[in-house]
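Numbering of ligands and ligand atoms starts at 1, following listing order.
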Amino acid sequence: MQTSARPKVAIIGAGFGGLTAAQGLANARADVTLIDRQDHHCFQPLLYQVATAALSPADVAWPIRSILSRQANAFVVLGEVSAIDVNKRDVHAEGVSFPYDYLVLATGVSHSYFGHDDWALFAPGLKTLEDARVIRRRLLLAFEEAELAQSDTERARLMNFVIVGGGPTGVELAGALAEVARRTLPSDFRRIDPRRARIIVIEAGPRLLAQFPPDLSAYALSALRRMGVEVLLSTPVTQCDSRGVTAGNTRIEAATIVWAAGVAASPAGDWISAERDRAGRIKVNPDLTVPGHPEIFAIGDCASIADASGRPLPGIAPAAKQMGHYVATVIAARIAQTPPPAPFHYHHYGDLATIGRKAAVVKIGRIELTGFIGWWFWSVAHIYFLIGVKNRLFVAATWLWSYLTFKRPARLILDAESPGGGKNATR
Ligand SMILES: Cc1cc2nc3c(=O)[nH]c(=O)nc-3n(C[C@H](O)[C@H](O)[C@H](O)COP(=O)(O)OP(=O)(O)OC[C@H]3O[C@@H](n4cnc5c(N)ncnc54)[C@H](O)[C@@H]3O)c2cc1C
(Lines give C-alpha, C1' and ligand atoms only; values in the text may rest on other atoms or scores of the structure.)
Protein backbone atom coordinates (compact mmCIF):
# COMPACT_ATOMS: atom_id res chain seq x y z
CA MET A 1 0.00 0.00 0.00
CA GLN A 2 1.09 3.57 -0.56
CA THR A 3 1.95 5.53 2.59
CA SER A 4 2.88 9.16 3.04
CA ALA A 5 6.03 8.28 5.04
CA ARG A 6 7.86 6.38 2.32
CA PRO A 7 9.98 7.89 -0.46
CA LYS A 8 7.94 8.84 -3.51
CA VAL A 9 9.05 7.75 -6.97
CA ALA A 10 7.28 9.43 -9.89
CA ILE A 11 7.72 7.80 -13.30
CA ILE A 12 6.48 9.60 -16.41
CA GLY A 13 5.74 7.26 -19.29
CA ALA A 14 4.60 3.63 -19.19
CA GLY A 15 6.40 2.52 -22.32
CA PHE A 16 9.13 -0.10 -22.26
CA GLY A 17 11.42 1.97 -20.02
CA GLY A 18 8.95 3.42 -17.53
CA LEU A 19 6.96 0.22 -17.08
CA THR A 20 10.11 -1.83 -16.47
CA ALA A 21 11.28 0.74 -13.90
CA ALA A 22 7.92 0.63 -12.09
CA GLN A 23 7.92 -3.17 -12.02
CA GLY A 24 11.54 -3.20 -10.84
CA LEU A 25 10.49 -1.20 -7.77
CA ALA A 26 7.81 -3.69 -6.73
CA ASN A 27 9.73 -4.74 -3.65
CA ALA A 28 11.23 -1.36 -2.78
CA ARG A 29 10.00 0.47 0.30
CA ALA A 30 8.71 3.28 -1.86
CA ASP A 31 5.45 4.60 -3.28
CA VAL A 32 5.57 4.53 -7.06
CA THR A 33 3.38 6.83 -9.17
CA LEU A 34 3.33 5.92 -12.86
CA ILE A 35 1.84 8.64 -15.07
CA ASP A 36 0.97 8.15 -18.73
CA ARG A 37 -1.27 10.06 -21.11
CA GLN A 38 -2.51 6.75 -22.49
CA ASP A 39 -4.24 4.11 -20.41
CA HIS A 40 -2.28 1.35 -22.13
CA HIS A 41 1.23 0.09 -22.65
CA CYS A 42 1.79 -0.34 -26.37
CA PHE A 43 4.04 -2.89 -28.06
CA GLN A 44 5.27 -0.55 -30.77
CA PRO A 45 7.22 -3.15 -32.78
CA LEU A 46 3.91 -4.64 -33.98
CA LEU A 47 2.08 -1.36 -34.62
CA TYR A 48 2.68 -1.70 -38.34
CA GLN A 49 0.58 -4.89 -38.23
CA VAL A 50 -2.33 -2.92 -36.76
CA ALA A 51 -1.82 -0.26 -39.45
CA THR A 52 -2.01 -2.92 -42.16
CA ALA A 53 -4.95 -4.78 -40.63
CA ALA A 54 -3.11 -7.95 -39.64
CA LEU A 55 -3.71 -7.47 -35.91
CA SER A 56 -6.28 -5.59 -33.85
CA PRO A 57 -5.28 -2.83 -31.43
CA ALA A 58 -6.04 -5.01 -28.39
CA ASP A 59 -3.50 -7.60 -29.60
CA VAL A 60 -0.59 -5.21 -29.08
CA ALA A 61 -1.65 -3.11 -26.08
CA TRP A 62 -2.50 -3.78 -22.45
CA PRO A 63 -4.13 -1.55 -19.80
CA ILE A 64 -1.40 -0.21 -17.52
CA ARG A 65 -3.66 -0.59 -14.48
CA SER A 66 -4.19 -4.23 -15.25
CA ILE A 67 -0.44 -4.91 -15.69
CA LEU A 68 0.26 -3.34 -12.27
CA SER A 69 -2.90 -4.45 -10.51
CA ARG A 70 -1.00 -6.80 -8.20
CA GLN A 71 1.77 -4.34 -7.40
CA ALA A 72 0.49 -2.76 -4.18
CA ASN A 73 3.01 0.09 -4.10
CA ALA A 74 2.13 1.28 -7.63
CA PHE A 75 -0.37 4.08 -8.24
CA VAL A 76 -1.34 4.56 -11.89
CA VAL A 77 -2.37 7.96 -13.22
CA LEU A 78 -3.95 8.57 -16.61
CA GLY A 79 -2.84 12.09 -17.43
CA GLU A 80 -0.63 14.23 -19.63
CA VAL A 81 2.31 15.76 -17.82
CA SER A 82 2.71 19.42 -18.73
CA ALA A 83 5.39 20.70 -16.36
CA ILE A 84 7.81 19.78 -13.58
CA ASP A 85 8.81 22.02 -10.71
CA VAL A 86 12.33 20.78 -9.96
CA ASN A 87 12.67 23.06 -6.91
CA LYS A 88 9.47 21.91 -5.23
CA ARG A 89 9.89 18.41 -6.69
CA ASP A 90 6.41 18.30 -8.15
CA VAL A 91 5.10 16.81 -11.39
CA HIS A 92 2.08 18.60 -12.88
CA ALA A 93 -0.48 16.60 -14.80
CA GLU A 94 -4.09 17.47 -15.55
CA GLY A 95 -4.13 20.23 -12.90
CA VAL A 96 -2.89 17.88 -10.16
CA SER A 97 0.56 17.96 -8.51
CA PHE A 98 2.42 14.76 -7.76
CA PRO A 99 5.33 15.22 -5.34
CA TYR A 100 8.43 13.11 -5.77
CA ASP A 101 11.71 12.26 -4.11
CA TYR A 102 12.92 10.45 -7.21
CA LEU A 103 11.75 11.19 -10.74
CA VAL A 104 12.14 8.96 -13.80
CA LEU A 105 11.55 10.54 -17.22
CA ALA A 106 10.59 7.88 -19.76
CA THR A 107 8.53 9.81 -22.26
CA GLY A 108 9.98 8.39 -25.48
CA VAL A 109 10.02 10.25 -28.78
CA SER A 110 7.58 11.68 -31.30
CA HIS A 111 7.76 12.22 -35.07
CA SER A 112 10.08 14.78 -36.54
CA TYR A 113 9.14 16.35 -39.87
CA PHE A 114 12.49 18.15 -40.08
CA GLY A 115 11.00 21.59 -39.61
CA HIS A 116 7.87 20.90 -41.71
CA ASP A 117 5.33 20.13 -39.01
CA ASP A 118 2.51 21.03 -41.41
CA TRP A 119 3.32 17.78 -43.30
CA ALA A 120 1.92 15.80 -40.37
CA LEU A 121 -1.59 16.44 -41.66
CA PHE A 122 -0.86 14.67 -44.95
CA ALA A 123 1.66 12.09 -43.75
CA PRO A 124 0.80 10.61 -40.36
CA GLY A 125 3.59 8.86 -38.50
CA LEU A 126 3.33 5.57 -36.65
CA LYS A 127 3.95 5.80 -32.93
CA THR A 128 0.70 5.09 -31.12
CA LEU A 129 -2.37 2.91 -31.54
CA GLU A 130 -4.27 5.99 -32.68
CA ASP A 131 -1.67 6.55 -35.40
CA ALA A 132 -2.01 2.92 -36.49
CA ARG A 133 -5.78 3.24 -36.74
CA VAL A 134 -5.51 6.45 -38.74
CA ILE A 135 -3.10 4.81 -41.17
CA ARG A 136 -5.23 1.65 -41.45
CA ARG A 137 -8.25 3.78 -42.21
CA ARG A 138 -6.45 5.78 -44.88
CA LEU A 139 -4.96 2.69 -46.54
CA LEU A 140 -8.26 0.83 -46.70
CA LEU A 141 -10.26 3.90 -47.73
CA ALA A 142 -7.88 4.56 -50.61
CA PHE A 143 -8.85 1.24 -52.21
CA GLU A 144 -12.55 1.92 -51.56
CA GLU A 145 -12.34 5.35 -53.17
CA ALA A 146 -10.32 4.00 -56.07
CA GLU A 147 -13.13 1.52 -56.77
CA LEU A 148 -15.45 4.50 -57.31
CA ALA A 149 -12.98 6.89 -58.94
CA GLN A 150 -14.30 8.75 -61.97
CA SER A 151 -11.04 9.11 -63.86
CA ASP A 152 -7.95 7.05 -64.50
CA THR A 153 -5.79 9.83 -63.11
CA GLU A 154 -7.65 9.97 -59.85
CA ARG A 155 -7.73 6.18 -59.59
CA ALA A 156 -3.98 6.05 -60.09
CA ARG A 157 -3.42 8.69 -57.42
CA LEU A 158 -5.60 6.81 -54.97
CA MET A 159 -3.64 3.63 -55.62
CA ASN A 160 -0.27 5.25 -55.06
CA PHE A 161 1.03 4.68 -51.53
CA VAL A 162 4.12 6.55 -50.44
CA ILE A 163 6.13 5.61 -47.35
CA VAL A 164 8.74 8.18 -46.39
CA GLY A 165 11.68 6.53 -44.64
CA GLY A 166 13.49 3.26 -45.27
CA GLY A 167 14.23 2.23 -41.68
CA PRO A 168 12.60 -0.82 -40.07
CA THR A 169 9.16 0.80 -39.80
CA GLY A 170 9.15 1.92 -43.45
CA VAL A 171 10.37 -1.45 -44.70
CA GLU A 172 7.90 -3.41 -42.56
CA LEU A 173 4.98 -1.21 -43.61
CA ALA A 174 5.91 -1.45 -47.29
CA GLY A 175 6.21 -5.24 -47.22
CA ALA A 176 2.92 -5.66 -45.36
CA LEU A 177 1.10 -3.25 -47.65
CA ALA A 178 2.43 -5.07 -50.71
CA GLU A 179 0.96 -8.29 -49.34
CA VAL A 180 -2.39 -6.61 -48.69
CA ALA A 181 -2.52 -5.24 -52.24
CA ARG A 182 -1.18 -8.29 -54.07
CA ARG A 183 -2.58 -11.13 -51.97
CA THR A 184 -5.43 -10.09 -49.70
CA LEU A 185 -7.55 -7.68 -51.70
CA PRO A 186 -7.54 -8.76 -55.38
CA SER A 187 -10.65 -10.94 -55.28
CA ASP A 188 -12.65 -8.42 -53.22
CA PHE A 189 -12.85 -5.59 -55.76
CA ARG A 190 -14.63 -5.48 -59.13
CA ARG A 191 -13.55 -2.27 -60.82
CA ILE A 192 -9.96 -1.99 -59.68
CA ASP A 193 -7.16 -4.48 -59.57
CA PRO A 194 -5.47 -3.88 -56.18
CA ARG A 195 -2.36 -5.68 -57.49
CA ARG A 196 -1.72 -2.58 -59.60
CA ALA A 197 -1.25 -0.41 -56.52
CA ARG A 198 2.12 1.32 -56.46
CA ILE A 199 3.92 1.18 -53.13
CA ILE A 200 6.85 3.54 -53.06
CA VAL A 201 9.45 3.79 -50.30
CA ILE A 202 11.45 7.01 -50.34
CA GLU A 203 14.68 7.06 -48.37
CA ALA A 204 17.04 10.03 -48.10
CA GLY A 205 20.08 7.88 -47.29
CA PRO A 206 21.95 5.60 -49.68
CA ARG A 207 20.47 2.35 -48.35
CA LEU A 208 17.56 0.81 -46.49
CA LEU A 209 17.90 -0.31 -42.86
CA ALA A 210 20.97 1.81 -42.23
CA GLN A 211 21.69 0.21 -38.84
CA PHE A 212 22.14 -3.22 -40.45
CA PRO A 213 25.26 -4.35 -42.35
CA PRO A 214 25.23 -3.44 -46.08
CA ASP A 215 24.60 -7.03 -47.23
CA LEU A 216 21.39 -7.19 -45.17
CA SER A 217 20.32 -3.79 -46.49
CA ALA A 218 20.85 -5.12 -50.01
CA TYR A 219 18.81 -8.22 -49.18
CA ALA A 220 15.96 -6.05 -47.88
CA LEU A 221 16.07 -3.95 -51.05
CA SER A 222 15.90 -6.94 -53.36
CA ALA A 223 13.19 -8.62 -51.24
CA LEU A 224 11.02 -5.52 -51.38
CA ARG A 225 11.57 -5.13 -55.11
CA ARG A 226 10.62 -8.78 -55.62
CA MET A 227 7.36 -7.92 -53.87
CA GLY A 228 6.77 -5.12 -56.36
CA VAL A 229 7.69 -2.27 -54.02
CA GLU A 230 9.46 0.67 -55.66
CA VAL A 231 12.36 2.01 -53.62
CA LEU A 232 13.97 5.40 -54.17
CA LEU A 233 17.32 5.78 -52.37
CA SER A 234 19.36 8.93 -51.76
CA THR A 235 16.18 10.87 -52.46
CA PRO A 236 15.05 13.35 -49.81
CA VAL A 237 11.43 14.40 -49.74
CA THR A 238 11.25 18.15 -50.29
CA GLN A 239 7.50 18.70 -50.40
CA CYS A 240 4.52 16.93 -48.94
CA ASP A 241 0.93 18.06 -49.45
CA SER A 242 -2.63 16.88 -49.86
CA ARG A 243 -1.98 15.62 -53.41
CA GLY A 244 1.33 13.81 -52.93
CA VAL A 245 5.05 14.30 -52.44
CA THR A 246 8.04 15.73 -54.24
CA ALA A 247 11.13 13.56 -53.85
CA GLY A 248 14.33 14.79 -55.44
CA ASN A 249 13.16 16.07 -58.83
CA THR A 250 10.21 13.71 -59.01
CA ARG A 251 6.63 14.55 -58.22
CA ILE A 252 4.55 11.57 -57.07
CA GLU A 253 0.80 12.02 -56.89
CA ALA A 254 -0.43 9.92 -53.97
CA ALA A 255 -3.51 9.92 -51.79
CA THR A 256 -1.84 8.06 -48.94
CA ILE A 257 1.48 9.03 -47.44
CA VAL A 258 2.96 7.55 -44.27
CA TRP A 259 5.81 9.19 -42.41
CA ALA A 260 8.41 6.73 -41.14
CA ALA A 261 11.40 9.03 -41.28
CA GLY A 262 12.45 11.14 -38.31
CA VAL A 263 12.00 11.06 -34.57
CA ALA A 264 12.18 13.95 -32.11
CA ALA A 265 12.53 13.60 -28.35
CA SER A 266 9.60 14.47 -26.12
CA PRO A 267 9.60 17.86 -24.36
CA ALA A 268 10.79 16.27 -21.10
CA GLY A 269 14.16 18.02 -21.42
CA ASP A 270 12.37 21.40 -21.55
CA TRP A 271 10.45 20.66 -18.37
CA ILE A 272 13.66 20.41 -16.34
CA SER A 273 15.85 22.70 -18.51
CA ALA A 274 18.30 19.83 -19.07
CA GLU A 275 21.12 19.73 -21.59
CA ARG A 276 20.11 17.82 -24.71
CA ASP A 277 21.78 16.30 -27.77
CA ARG A 278 20.95 17.33 -31.34
CA ALA A 279 17.95 15.00 -31.41
CA GLY A 280 16.56 16.65 -28.25
CA ARG A 281 17.34 13.71 -25.97
CA ILE A 282 18.41 14.42 -22.40
CA LYS A 283 22.11 13.88 -21.78
CA VAL A 284 22.54 11.64 -18.75
CA ASN A 285 25.37 10.54 -16.46
CA PRO A 286 26.66 6.94 -16.44
CA ASP A 287 24.09 6.15 -13.71
CA LEU A 288 21.34 7.65 -15.92
CA THR A 289 20.82 10.66 -13.64
CA VAL A 290 20.44 14.09 -15.18
CA PRO A 291 23.55 16.24 -14.52
CA GLY A 292 22.92 18.53 -11.55
CA HIS A 293 19.90 16.48 -10.46
CA PRO A 294 20.89 13.26 -8.72
CA GLU A 295 17.21 12.65 -7.96
CA ILE A 296 16.11 12.77 -11.65
CA PHE A 297 16.73 9.97 -14.14
CA ALA A 298 16.05 9.89 -17.88
CA ILE A 299 15.74 6.55 -19.64
CA GLY A 300 14.78 4.97 -22.95
CA ASP A 301 14.33 6.92 -26.16
CA CYS A 302 14.28 10.30 -24.38
CA ALA A 303 17.77 9.77 -22.91
CA SER A 304 21.12 10.29 -24.61
CA ILE A 305 24.03 8.10 -23.52
CA ALA A 306 26.83 6.32 -25.37
CA ASP A 307 27.76 2.65 -25.13
CA ALA A 308 31.25 1.38 -24.22
CA SER A 309 32.52 2.11 -27.74
CA GLY A 310 31.20 5.68 -27.71
CA ARG A 311 28.22 5.10 -30.01
CA PRO A 312 24.85 6.48 -28.91
CA LEU A 313 22.54 3.77 -27.63
CA PRO A 314 19.94 2.75 -30.21
CA GLY A 315 16.33 3.80 -29.72
CA ILE A 316 15.00 0.29 -29.33
CA ALA A 317 12.91 -1.54 -26.77
CA PRO A 318 15.70 -3.64 -25.18
CA ALA A 319 17.74 -0.49 -24.46
CA ALA A 320 14.73 1.18 -22.81
CA LYS A 321 13.98 -1.95 -20.76
CA GLN A 322 17.58 -2.34 -19.61
CA MET A 323 17.65 1.31 -18.55
CA GLY A 324 14.32 0.92 -16.73
CA HIS A 325 15.63 -2.10 -14.86
CA TYR A 326 18.86 -0.29 -14.01
CA VAL A 327 17.25 2.87 -12.54
CA ALA A 328 14.98 0.68 -10.42
CA THR A 329 18.08 -0.94 -8.89
CA VAL A 330 19.75 2.46 -8.34
CA ILE A 331 16.67 3.92 -6.65
CA ALA A 332 16.07 0.78 -4.58
CA ALA A 333 19.72 0.83 -3.44
CA ARG A 334 19.49 4.46 -2.41
CA ILE A 335 16.29 3.85 -0.46
CA ALA A 336 17.79 0.80 1.23
CA GLN A 337 21.03 2.75 1.77
CA THR A 338 23.10 0.00 0.19
CA PRO A 339 26.02 0.62 -2.20
CA PRO A 340 24.96 1.82 -5.67
CA PRO A 341 25.23 -0.58 -8.61
CA ALA A 342 28.03 -0.17 -11.16
CA PRO A 343 27.43 2.37 -13.95
CA PHE A 344 24.84 1.40 -16.55
CA HIS A 345 26.10 -1.02 -19.16
CA TYR A 346 24.02 -1.68 -22.25
CA HIS A 347 24.01 -5.14 -23.76
CA HIS A 348 23.05 -5.19 -27.43
CA TYR A 349 21.38 -8.49 -28.32
CA GLY A 350 20.89 -7.78 -32.01
CA ASP A 351 18.76 -6.17 -34.70
CA LEU A 352 15.69 -7.63 -36.36
CA ALA A 353 13.37 -6.41 -39.10
CA THR A 354 10.81 -8.25 -41.15
CA ILE A 355 10.11 -7.49 -44.78
CA GLY A 356 7.17 -9.75 -45.39
CA ARG A 357 6.13 -13.32 -45.64
CA LYS A 358 9.21 -15.51 -45.38
CA ALA A 359 11.56 -12.53 -45.54
CA ALA A 360 13.34 -10.85 -42.65
CA VAL A 361 16.81 -9.73 -41.65
CA VAL A 362 18.37 -10.66 -38.33
CA LYS A 363 21.80 -9.68 -37.03
CA ILE A 364 22.89 -11.14 -33.73
CA GLY A 365 26.60 -10.75 -33.07
CA ARG A 366 28.26 -12.36 -36.06
CA ILE A 367 25.18 -14.32 -37.02
CA GLU A 368 23.13 -13.04 -39.92
CA LEU A 369 19.82 -14.61 -40.89
CA THR A 370 17.60 -13.83 -43.85
CA GLY A 371 14.69 -15.42 -45.71
CA PHE A 372 12.39 -17.94 -44.07
CA ILE A 373 14.73 -18.68 -41.15
CA GLY A 374 15.10 -14.98 -40.41
CA TRP A 375 11.36 -14.49 -40.67
CA TRP A 376 10.70 -17.46 -38.34
CA PHE A 377 13.21 -16.12 -35.81
CA TRP A 378 11.64 -12.64 -35.99
CA SER A 379 8.14 -14.11 -35.43
CA VAL A 380 9.15 -16.22 -32.42
CA ALA A 381 11.08 -13.33 -30.84
CA HIS A 382 8.14 -10.95 -31.18
CA ILE A 383 5.64 -13.42 -29.79
CA TYR A 384 7.97 -14.09 -26.86
CA PHE A 385 8.11 -10.40 -25.93
CA LEU A 386 4.35 -9.88 -25.98
CA ILE A 387 2.72 -9.53 -22.58
CA GLY A 388 0.48 -12.38 -21.44
CA VAL A 389 -0.16 -15.94 -22.56
CA LYS A 390 -3.47 -15.05 -24.20
CA ASN A 391 -1.84 -12.45 -26.46
CA ARG A 392 0.99 -14.78 -27.39
CA LEU A 393 -1.38 -17.59 -28.32
CA PHE A 394 -3.78 -15.27 -30.10
CA VAL A 395 -1.13 -13.49 -32.16
CA ALA A 396 0.57 -16.79 -33.06
CA ALA A 397 -2.78 -18.25 -34.17
CA THR A 398 -3.64 -15.12 -36.14
CA TRP A 399 -0.29 -15.17 -37.92
CA LEU A 400 -0.68 -18.84 -38.77
CA TRP A 401 -4.16 -18.24 -40.14
CA SER A 402 -2.98 -15.22 -42.16
CA TYR A 403 0.01 -17.18 -43.40
CA LEU A 404 -2.20 -19.97 -44.71
CA THR A 405 -5.05 -17.84 -46.10
CA PHE A 406 -3.47 -14.44 -46.91
CA LYS A 407 -6.44 -12.88 -45.05
CA ARG A 408 -6.19 -9.83 -42.79
CA PRO A 409 -8.56 -10.26 -39.83
CA ALA A 410 -8.63 -6.62 -38.76
CA ARG A 411 -9.69 -5.16 -42.12
CA LEU A 412 -12.20 -2.71 -40.75
CA ILE A 413 -12.59 0.97 -41.48
CA LEU A 414 -13.51 2.57 -38.19
CA ASP A 415 -13.50 5.97 -36.50
CA ALA A 416 -13.69 9.17 -38.49
CA GLU A 417 -10.50 11.13 -38.00
CA SER A 418 -10.55 14.36 -36.04
CA PRO A 419 -11.46 17.46 -38.09
CA GLY A 420 -7.83 18.63 -38.16
CA GLY A 421 -6.64 15.35 -39.63
CA GLY A 422 -9.75 14.50 -41.61
CA LYS A 423 -9.39 12.18 -44.53
CA ASN A 424 -10.63 14.84 -46.90
CA ALA A 425 -7.61 16.91 -45.94
CA THR A 426 -5.38 14.20 -47.34
CA ARG A 427 -7.14 13.29 -50.53
C1 LIG B 1 6.54 1.76 -35.30
C2 LIG B 1 7.67 1.39 -34.37
C3 LIG B 1 8.30 0.16 -34.51
C4 LIG B 1 9.33 -0.19 -33.66
N5 LIG B 1 9.93 -1.42 -33.81
C6 LIG B 1 10.85 -1.81 -32.92
C7 LIG B 1 11.39 -3.13 -32.98
O8 LIG B 1 11.04 -3.93 -33.86
N9 LIG B 1 12.29 -3.50 -32.03
C10 LIG B 1 12.69 -2.65 -31.03
O11 LIG B 1 13.47 -3.03 -30.18
N12 LIG B 1 12.22 -1.39 -30.97
C13 LIG B 1 11.30 -0.95 -31.88
N14 LIG B 1 10.81 0.31 -31.82
C15 LIG B 1 11.37 1.25 -30.84
C16 LIG B 1 10.82 1.01 -29.45
O17 LIG B 1 9.43 0.87 -29.49
C18 LIG B 1 11.25 2.18 -28.57
O19 LIG B 1 12.64 2.23 -28.55
C20 LIG B 1 10.72 2.02 -27.17
O21 LIG B 1 9.32 2.06 -27.19
C22 LIG B 1 11.25 3.12 -26.27
O23 LIG B 1 10.71 2.96 -25.00
P24 LIG B 1 10.48 4.22 -24.07
O25 LIG B 1 9.98 3.69 -22.77
O26 LIG B 1 11.66 5.10 -24.08
O27 LIG B 1 9.34 5.07 -24.81
P28 LIG B 1 7.88 4.63 -25.26
O29 LIG B 1 7.75 3.15 -25.31
O30 LIG B 1 7.63 5.40 -26.50
O31 LIG B 1 6.95 5.15 -24.10
C32 LIG B 1 6.80 6.51 -23.80
C33 LIG B 1 5.54 6.66 -22.99
O34 LIG B 1 5.50 7.98 -22.49
C35 LIG B 1 4.18 8.47 -22.56
N36 LIG B 1 4.25 9.93 -22.58
C37 LIG B 1 4.92 10.71 -23.45
N38 LIG B 1 4.76 12.01 -23.13
C39 LIG B 1 3.98 12.05 -22.04
C40 LIG B 1 3.45 13.10 -21.24
N41 LIG B 1 3.69 14.39 -21.51
N42 LIG B 1 2.68 12.79 -20.19
C43 LIG B 1 2.40 11.48 -19.89
N44 LIG B 1 2.87 10.45 -20.62
C45 LIG B 1 3.65 10.73 -21.68
C46 LIG B 1 3.65 7.87 -23.85
O47 LIG B 1 2.23 7.82 -23.84
C48 LIG B 1 4.27 6.48 -23.82
O49 LIG B 1 3.44 5.53 -23.21
C50 LIG B 1 9.76 0.70 -32.65
C51 LIG B 1 9.14 1.94 -32.51
C52 LIG B 1 8.10 2.28 -33.37
C53 LIG B 1 7.41 3.61 -33.20
Legend entry - Flag side-chain contact, heavy atom, 4.5 Å: Asp287 against Pro340: no
Legend entry - Asp301 N/O to ligand 1 N/O under 3.5 Å: yes
Inset, instruction - Could you list which atoms of ligand 1 come closer than 4.0 Å to a heavy atom of Gln38? - result: 47 (O), 49 (O)
Legend entry - Option nearest atom 24 (P) of ligand 1 (shortest heavy-atom distance, choices Pro318, Gly17, Cys42, Gly167): Gly17
Legend entry - Lys321 touching ligand 1 at heavy-atom level, < 4.0 angstrom: no
Legend entry - Ion pair check, Lys363 and Asp351, cut-off under 4.0 Å: no
Inset, instruction - Would you confirm whether any non-hydrogen atom of the protein falls under 4.0 Å from atom 21 (O) of ligand 1? - result: yes
Inset, instruction - Heavy-atom contacts with Thr169 under 4.0 Å: which atoms of ligand 1 show up? List them by number with element. - result: 1 (C), 2 (C), 3 (C)
Inset, instruction - For ligand 1, find out whether one of its N or O atoms is nearer than 3.5 Å to an N or O atom of Ala317. - result: yes
Inset, instruction - Indicate yes or no: does an N/O atom of Gly13 lie under 3.5 Å from an N/O atom of ligand 1? - result: no
Inset, instruction - May I ask you to list the atoms of ligand 1 that are less than 4.0 angstrom from any heavy atom of Lys127? - result: 30 (O), 53 (C)
Inset, instruction - Give the numbers and elements of all ligand 1 atoms closer than 4.0 Å to a heavy atom of Gly300. - result: 26 (O)
Inset, instruction - Decide whether an N or O pair under 3.5 Å exists between Cys302 and ligand 1. - result: no
Inset, instruction - Could you tell me whether Ala320 and ligand 1 have an N or O pair separated by under 3.5 Å? - result: no
Inset, instruction - Please determine if Leu47 has a nitrogen or oxygen closer than 3.5 Å to a nitrogen or oxygen of ligand 1. - result: no
Legend entry - Shortest reach to atom 32 (C) of ligand 1 by a heavy atom, considering only Ala298, Gly170, Ala61, Ala106: Ala106
Legend entry - Charged tip of Arg207 within 45° of Phe212 ring normal and under 6.0 Å: no
Legend entry - ligand 1 N/O within reach of Gln44 N/O, cut-off under 3.5 Å: yes
